[in-house]
Amino acid sequence: MAALTLAGCSQEGFQLEEPREVSREVAATVNGEAIYTADVEVEAVARGLVVSGASLRAEDEAYKQVLDQLIDQKLMAQEAKRLGLEKDPAGMRRLEMAQERIMGNLLVESVVAEQVTDEMIDRMYAEQVRLQQVNDEVSVAHIVTDTEEEAEAVWLRVQAGEAFESLVFNHSNDSATRMENGDLGFVSPNDLPDPYPVVIANTPVGEVAPPFEAEGSWRIVKVKDRRTEPPKTRDEMRPEIATFLTLSEVSRILRRLRTEARIEEGGGADYAPENAPEPSAKALTGDEL
(Lines give C-alpha, C1' and ligand atoms only; values in the text may rest on other atoms or scores of the structure.)
Protein backbone atom coordinates (compact mmCIF):
# COMPACT_ATOMS: atom_id res chain seq x y z
CA MET A 1 0.00 0.00 0.00
CA ALA A 2 1.54 3.25 -1.12
CA ALA A 3 1.98 6.16 1.25
CA LEU A 4 1.56 9.85 0.46
CA THR A 5 4.45 11.12 -1.68
CA LEU A 6 4.13 14.62 -3.04
CA ALA A 7 7.71 15.83 -2.91
CA GLY A 8 7.96 15.97 -6.69
CA CYS A 9 4.64 17.74 -7.16
CA SER A 10 4.92 21.12 -8.83
CA GLN A 11 3.23 23.92 -6.92
CA GLU A 12 3.77 26.58 -9.56
CA GLY A 13 0.92 29.04 -9.28
CA PHE A 14 -0.33 27.33 -6.11
CA GLN A 15 1.07 28.93 -2.99
CA LEU A 16 0.07 27.87 0.51
CA GLU A 17 0.23 31.10 2.45
CA GLU A 18 -0.52 31.75 6.07
CA PRO A 19 -3.42 34.19 6.62
CA ARG A 20 -2.09 37.65 7.31
CA GLU A 21 -3.42 41.15 7.86
CA VAL A 22 -3.04 43.39 4.83
CA SER A 23 -0.56 46.14 5.63
CA ARG A 24 -1.42 49.64 4.42
CA GLU A 25 2.20 50.75 4.69
CA VAL A 26 3.21 52.41 1.44
CA ALA A 27 6.33 51.10 -0.27
CA ALA A 28 6.23 53.61 -3.15
CA THR A 29 3.87 55.90 -5.04
CA VAL A 30 3.73 56.11 -8.83
CA ASN A 31 2.01 59.23 -10.15
CA GLY A 32 0.03 59.39 -6.92
CA GLU A 33 -0.96 55.68 -6.88
CA ALA A 34 0.33 53.58 -3.99
CA ILE A 35 2.23 50.32 -4.00
CA TYR A 36 2.01 48.74 -0.56
CA THR A 37 4.61 46.70 1.30
CA ALA A 38 2.05 43.88 1.44
CA ASP A 39 1.99 43.89 -2.38
CA VAL A 40 5.77 43.44 -2.41
CA GLU A 41 5.63 40.58 0.12
CA VAL A 42 2.87 38.69 -1.72
CA GLU A 43 4.65 39.06 -5.06
CA ALA A 44 7.97 37.92 -3.58
CA VAL A 45 6.31 34.75 -2.24
CA ALA A 46 4.51 34.12 -5.55
CA ARG A 47 7.83 34.32 -7.41
CA GLY A 48 9.54 31.98 -4.96
CA LEU A 49 12.02 34.60 -3.76
CA VAL A 50 11.01 34.13 -0.11
CA VAL A 51 8.93 31.55 1.75
CA SER A 52 5.47 32.43 2.99
CA GLY A 53 5.55 34.09 6.41
CA ALA A 54 9.22 35.09 6.19
CA SER A 55 10.10 38.68 7.06
CA LEU A 56 11.04 40.89 4.15
CA ARG A 57 12.82 44.17 4.84
CA ALA A 58 13.14 47.21 2.61
CA GLU A 59 16.92 46.76 2.47
CA ASP A 60 16.67 43.16 1.25
CA GLU A 61 17.68 42.55 -2.36
CA ALA A 62 14.51 40.57 -3.04
CA TYR A 63 12.40 43.47 -1.74
CA LYS A 64 14.19 45.99 -3.96
CA GLN A 65 13.95 43.70 -7.00
CA VAL A 66 10.22 43.07 -6.61
CA LEU A 67 9.40 46.70 -5.81
CA ASP A 68 11.27 47.86 -8.92
CA GLN A 69 9.27 45.40 -11.03
CA LEU A 70 5.98 46.50 -9.43
CA ILE A 71 6.81 50.13 -10.22
CA ASP A 72 7.35 49.16 -13.87
CA GLN A 73 4.10 47.21 -13.81
CA LYS A 74 2.23 50.21 -12.37
CA LEU A 75 3.68 52.51 -15.01
CA MET A 76 2.66 50.13 -17.80
CA ALA A 77 -0.86 49.81 -16.38
CA GLN A 78 -1.23 53.57 -16.10
CA GLU A 79 -0.12 54.02 -19.71
CA ALA A 80 -2.55 51.31 -20.87
CA LYS A 81 -5.38 53.14 -19.10
CA ARG A 82 -4.33 56.45 -20.65
CA LEU A 83 -4.65 54.82 -24.07
CA GLY A 84 -8.06 53.39 -23.13
CA LEU A 85 -6.98 49.78 -23.67
CA GLU A 86 -9.14 48.55 -20.78
CA LYS A 87 -12.22 49.63 -22.77
CA ASP A 88 -11.38 47.48 -25.77
CA PRO A 89 -13.72 44.42 -25.86
CA ALA A 90 -10.82 41.96 -25.99
CA GLY A 91 -9.04 43.80 -23.20
CA MET A 92 -12.19 43.85 -21.08
CA ARG A 93 -12.62 40.09 -21.45
CA ARG A 94 -9.00 39.44 -20.49
CA LEU A 95 -9.45 41.59 -17.39
CA GLU A 96 -12.57 39.59 -16.51
CA MET A 97 -10.64 36.32 -16.86
CA ALA A 98 -7.81 37.67 -14.71
CA GLN A 99 -10.36 38.60 -12.05
CA GLU A 100 -11.82 35.09 -12.19
CA ARG A 101 -8.39 33.58 -11.64
CA ILE A 102 -7.79 35.87 -8.67
CA MET A 103 -11.18 35.01 -7.16
CA GLY A 104 -10.33 31.31 -7.51
CA ASN A 105 -7.02 31.91 -5.73
CA LEU A 106 -8.86 33.73 -2.94
CA LEU A 107 -11.16 30.73 -2.57
CA VAL A 108 -8.15 28.41 -2.29
CA GLU A 109 -6.59 30.67 0.35
CA SER A 110 -9.87 30.61 2.26
CA VAL A 111 -9.89 26.81 2.09
CA VAL A 112 -6.33 26.71 3.46
CA ALA A 113 -7.23 29.03 6.34
CA GLU A 114 -10.36 27.09 7.32
CA GLN A 115 -9.63 23.46 6.46
CA VAL A 116 -5.86 22.90 6.56
CA THR A 117 -5.49 22.97 10.32
CA ASP A 118 -2.75 21.54 12.53
CA GLU A 119 -5.28 18.99 13.80
CA MET A 120 -5.97 17.77 10.25
CA ILE A 121 -2.25 17.70 9.44
CA ASP A 122 -1.49 15.72 12.63
CA ARG A 123 -4.24 13.22 11.79
CA MET A 124 -2.99 12.64 8.26
CA TYR A 125 0.64 12.51 9.40
CA ALA A 126 -0.23 9.75 11.88
CA GLU A 127 -1.89 7.81 9.05
CA GLN A 128 1.12 8.29 6.78
CA VAL A 129 3.46 7.11 9.53
CA ARG A 130 1.30 4.02 9.98
CA LEU A 131 1.45 3.28 6.25
CA GLN A 132 5.20 3.83 6.01
CA GLN A 133 5.96 1.71 9.08
CA VAL A 134 3.94 -1.35 8.04
CA ASN A 135 7.11 -3.44 7.62
CA ASP A 136 9.33 -1.34 9.87
CA GLU A 137 11.33 -2.91 12.69
CA VAL A 138 12.80 -0.67 15.35
CA SER A 139 14.76 -1.48 18.48
CA VAL A 140 13.38 0.64 21.33
CA ALA A 141 13.56 0.91 25.09
CA HIS A 142 11.21 2.77 27.38
CA ILE A 143 10.72 4.09 30.90
CA VAL A 144 7.15 4.01 32.25
CA THR A 145 6.04 6.36 35.05
CA ASP A 146 2.72 7.13 36.73
CA THR A 147 2.79 10.90 36.32
CA GLU A 148 3.89 13.48 33.80
CA GLU A 149 6.02 15.18 36.45
CA GLU A 150 8.03 11.99 37.06
CA ALA A 151 8.54 11.43 33.35
CA GLU A 152 9.58 15.04 32.78
CA ALA A 153 12.11 14.88 35.61
CA VAL A 154 13.68 11.69 34.21
CA TRP A 155 13.77 13.09 30.67
CA LEU A 156 15.52 16.26 31.88
CA ARG A 157 18.18 14.12 33.53
CA VAL A 158 18.74 12.31 30.22
CA GLN A 159 19.01 15.67 28.47
CA ALA A 160 21.57 16.72 31.10
CA GLY A 161 23.80 13.80 30.13
CA GLU A 162 22.79 10.83 32.29
CA ALA A 163 22.54 7.50 30.50
CA PHE A 164 19.00 6.41 29.73
CA GLU A 165 19.81 2.85 30.78
CA SER A 166 21.05 3.95 34.22
CA LEU A 167 17.67 5.51 35.05
CA VAL A 168 15.42 2.61 34.10
CA PHE A 169 15.72 0.43 37.23
CA ASN A 170 14.93 3.19 39.75
CA HIS A 171 12.25 5.02 37.76
CA SER A 172 10.37 2.64 35.44
CA ASN A 173 7.34 0.78 36.80
CA ASP A 174 7.20 -1.64 33.86
CA SER A 175 8.14 -4.90 35.57
CA ALA A 176 8.50 -6.74 32.23
CA THR A 177 11.38 -4.53 31.00
CA ARG A 178 12.72 -2.91 34.17
CA MET A 179 15.48 -5.49 34.62
CA GLU A 180 16.41 -5.29 30.91
CA ASN A 181 17.24 -1.55 30.78
CA GLY A 182 13.71 -0.95 29.48
CA ASP A 183 14.49 -2.88 26.28
CA LEU A 184 11.50 -3.90 24.16
CA GLY A 185 13.69 -5.49 21.48
CA PHE A 186 12.93 -5.06 17.78
CA VAL A 187 9.25 -4.22 17.38
CA SER A 188 6.88 -3.04 14.68
CA PRO A 189 5.83 0.48 15.73
CA ASN A 190 2.28 -0.17 14.54
CA ASP A 191 1.98 -3.00 17.08
CA LEU A 192 2.47 -0.52 19.92
CA PRO A 193 -0.33 1.71 21.29
CA ASP A 194 -0.74 5.27 20.05
CA PRO A 195 1.14 7.57 19.99
CA TYR A 196 4.19 5.23 19.89
CA PRO A 197 4.28 5.05 16.05
CA VAL A 198 4.41 8.84 15.62
CA VAL A 199 6.90 9.30 18.48
CA ILE A 200 9.21 6.64 17.03
CA ALA A 201 8.94 8.17 13.55
CA ASN A 202 10.07 11.55 14.89
CA THR A 203 12.97 10.22 16.98
CA PRO A 204 16.35 9.56 15.30
CA VAL A 205 18.39 6.49 16.22
CA GLY A 206 20.27 7.00 19.49
CA GLU A 207 17.99 9.78 20.75
CA VAL A 208 15.34 9.89 23.47
CA ALA A 209 11.89 11.33 22.77
CA PRO A 210 10.16 13.79 25.13
CA PRO A 211 7.60 12.27 27.54
CA PHE A 212 4.17 11.30 26.20
CA GLU A 213 1.05 9.63 27.59
CA ALA A 214 -0.10 6.17 26.48
CA GLU A 215 -2.64 3.84 28.04
CA GLY A 216 -2.93 5.79 31.30
CA SER A 217 0.77 6.17 32.08
CA TRP A 218 3.67 8.34 30.94
CA ARG A 219 6.45 7.00 28.72
CA ILE A 220 9.96 8.01 27.67
CA VAL A 221 11.26 6.17 24.62
CA LYS A 222 14.76 5.67 23.28
CA VAL A 223 15.17 4.56 19.65
CA LYS A 224 18.20 2.26 19.63
CA ASP A 225 18.30 0.93 16.08
CA ARG A 226 16.33 0.56 12.83
CA ARG A 227 16.25 -2.16 10.22
CA THR A 228 14.48 0.09 7.70
CA GLU A 229 14.55 3.72 6.61
CA PRO A 230 12.71 6.03 9.03
CA PRO A 231 9.62 7.93 7.83
CA LYS A 232 9.84 11.66 7.26
CA THR A 233 9.27 13.83 10.29
CA ARG A 234 6.10 15.87 10.69
CA ASP A 235 7.91 19.09 9.76
CA GLU A 236 9.35 17.48 6.62
CA MET A 237 5.99 16.11 5.52
CA ARG A 238 3.84 19.12 6.52
CA PRO A 239 4.04 20.98 3.15
CA GLU A 240 3.10 17.80 1.26
CA ILE A 241 0.17 17.09 3.56
CA ALA A 242 -1.02 20.72 3.43
CA THR A 243 -0.95 20.59 -0.38
CA PHE A 244 -2.85 17.29 -0.46
CA LEU A 245 -5.51 18.51 1.99
CA THR A 246 -5.96 21.74 0.05
CA LEU A 247 -6.30 19.98 -3.31
CA SER A 248 -8.74 17.47 -1.78
CA GLU A 249 -10.93 20.26 -0.41
CA VAL A 250 -10.81 22.22 -3.68
CA SER A 251 -11.78 19.03 -5.53
CA ARG A 252 -14.73 18.55 -3.17
CA ILE A 253 -15.89 22.14 -3.68
CA LEU A 254 -15.63 21.83 -7.46
CA ARG A 255 -17.68 18.63 -7.47
CA ARG A 256 -20.41 20.36 -5.48
CA LEU A 257 -20.37 23.47 -7.68
CA ARG A 258 -20.50 21.40 -10.87
CA THR A 259 -23.43 19.40 -9.50
CA GLU A 260 -25.37 22.55 -8.61
CA ALA A 261 -24.52 24.51 -11.78
CA ARG A 262 -26.05 24.31 -15.26
CA ILE A 263 -23.10 24.12 -17.64
CA GLU A 264 -23.61 24.30 -21.40
CA GLU A 265 -20.98 24.10 -24.11
CA GLY A 266 -21.20 26.03 -27.37
CA GLY A 267 -24.35 25.02 -29.21
CA GLY A 268 -26.41 24.66 -26.06
CA ALA A 269 -25.58 21.02 -25.26
CA ASP A 270 -25.51 20.26 -21.56
CA TYR A 271 -22.07 19.49 -20.22
CA ALA A 272 -22.01 16.61 -17.74
CA PRO A 273 -18.45 15.96 -16.51
CA GLU A 274 -17.62 12.62 -15.01
CA ASN A 275 -17.42 12.53 -11.25
CA ALA A 276 -13.76 12.43 -10.35
CA PRO A 277 -12.93 10.29 -7.31
CA GLU A 278 -11.68 12.17 -4.28
CA PRO A 279 -7.93 11.74 -3.68
CA SER A 280 -7.11 8.98 -1.22
CA ALA A 281 -4.23 9.34 1.24
CA LYS A 282 -3.40 5.65 1.02
CA ALA A 283 -2.87 5.69 -2.74
CA LEU A 284 -2.01 9.26 -3.72
CA THR A 285 1.30 9.94 -5.46
CA GLY A 286 2.79 13.13 -6.81
CA ASP A 287 2.10 12.01 -10.41
CA GLU A 288 -1.63 11.88 -9.72
CA LEU A 289 -1.69 15.62 -9.14
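Bear in mind that the values here come from a model prediction, so they are computed numbers and not experimental data.
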With sequence neighbours left out, which residue pairs that include part of [range] fulfil the salt bridge (Lys or Arg N to Asp or Glu O under 4.0 Å) condition?
range	answer
residues 186-198	none
residues 71-87	E33-K74, E79-R82
residues 173-183	D183-K224
residues 151-160	R157-E162

Hey, could you give me the [atom1]/[atom2] distance between [X] and [Y], rounded to the nearest 0.5 Å?
X	Y	atom1	atom2	result
D122	I241	CG	CD1	8.5 Å
M124	Q128	CE	CD	6.5 Å
I200	N190	CD1	CG	9.0 Å

Cluster companions of [X] among Ile, Leu, Val, Met, Phe, Trp, Tyr (side-chain spacing under 4.5 Å):
X	value
L167	I143, V154, W155, L156, V158, F164, V168, V208, I220
M92	none
F169	M179
L85	L83

Would you check if the side chain of [X] reaches a backbone N or O of [Y] as a donor-acceptor pair within less than 3.5 Å?
X	Y	result
Q78	V30	yes
S110	L106	no
T29	G32	no
D60	L56	no

Check whether any side-chain heavy atom of [X] sits under 4.5 Å from a side-chain heavy atom of [Y], and report yes or no.
X	Y	result
E150	H171	no
I35	I71	yes
R255	S251	yes
V138	V223	yes
R234	N202	yes

Joint cluster assignment, F186 & V140, ILVMFWY side-chain distance < 4.5 Å: no

May I ask whether V144 and V187 are part of the same hydrophobic cluster, defined by side-chain heavy atoms of I, L, V, M, F, W, Y residues being less than 4.5 angstrom apart, directly or through others? no

Answer yes or no: is there an ion pair linking [X] with [Y], defined by an N-O contact shorter than 4.0 Å?
X	Y	answer
E240	K232	yes
D235	R238	no
R123	E127	no

May I have all residue pairs that pass side-chain hydrogen bond (donor to acceptor under 3.5 Å, both in side chains) and include part of residues 207-217, sequence neighbours excluded? S217-R219

Partners passing salt bridge (charged side-chain N to carboxylate O under 4.0 Å, His left out) against R93 (at least two apart in sequence or in another chain): E96, E100

R101: which residues meet the salt bridge (charged side-chain N to carboxylate O under 4.0 Å, His left out) condition with it, sequence neighbours left out? none

Selection residues 203-238 - residue pairs positive for ring-ring contact (aromatic ring centres under 6.0 Å, His included), sequence neighbours left out: Y196-F212

Using every non-hydrogen atom in the two residues, find where P195 and A214 come nearest and quote the distance to one decimal. CD-CB, 4.1 Å

In short, E165 meets N181 closest at the heavy-atom pair O-OD1, 3.6 Å

Stepwise side chain to side chain contact (heavy atoms under 4.5 Å, CB included) test for V26 and T37: CA-CA 6 Å; V26 175; T37 56; over 6 Å; no

Is atom CZ of R57 surrounded by more than 12 heavy atoms (other residues, nucleotides or ligands) closer than 6.0 Å? no

Report, as yes or no, whether the 6.0 Å neighbourhood of atom CD on Q99 holds more than 12 heavy atoms from other residues, nucleotides or ligands. no

When you look at K64 and L67, which way does the side chain to side chain contact (heavy atoms under 4.5 Å, CB included) test go after all the steps? CA-CA 5 Å; K64 296 175 183 177; L67 178 58; 5.9 Å; no

For L254 and E249, what are the C-alpha separation, side-chain angles and deciding distance, and is it a side chain to side chain contact (heavy atoms under 4.5 Å, CB included)? CA-CA 9 Å; L254 282 173; E249 184 64 17; over 6 Å; no

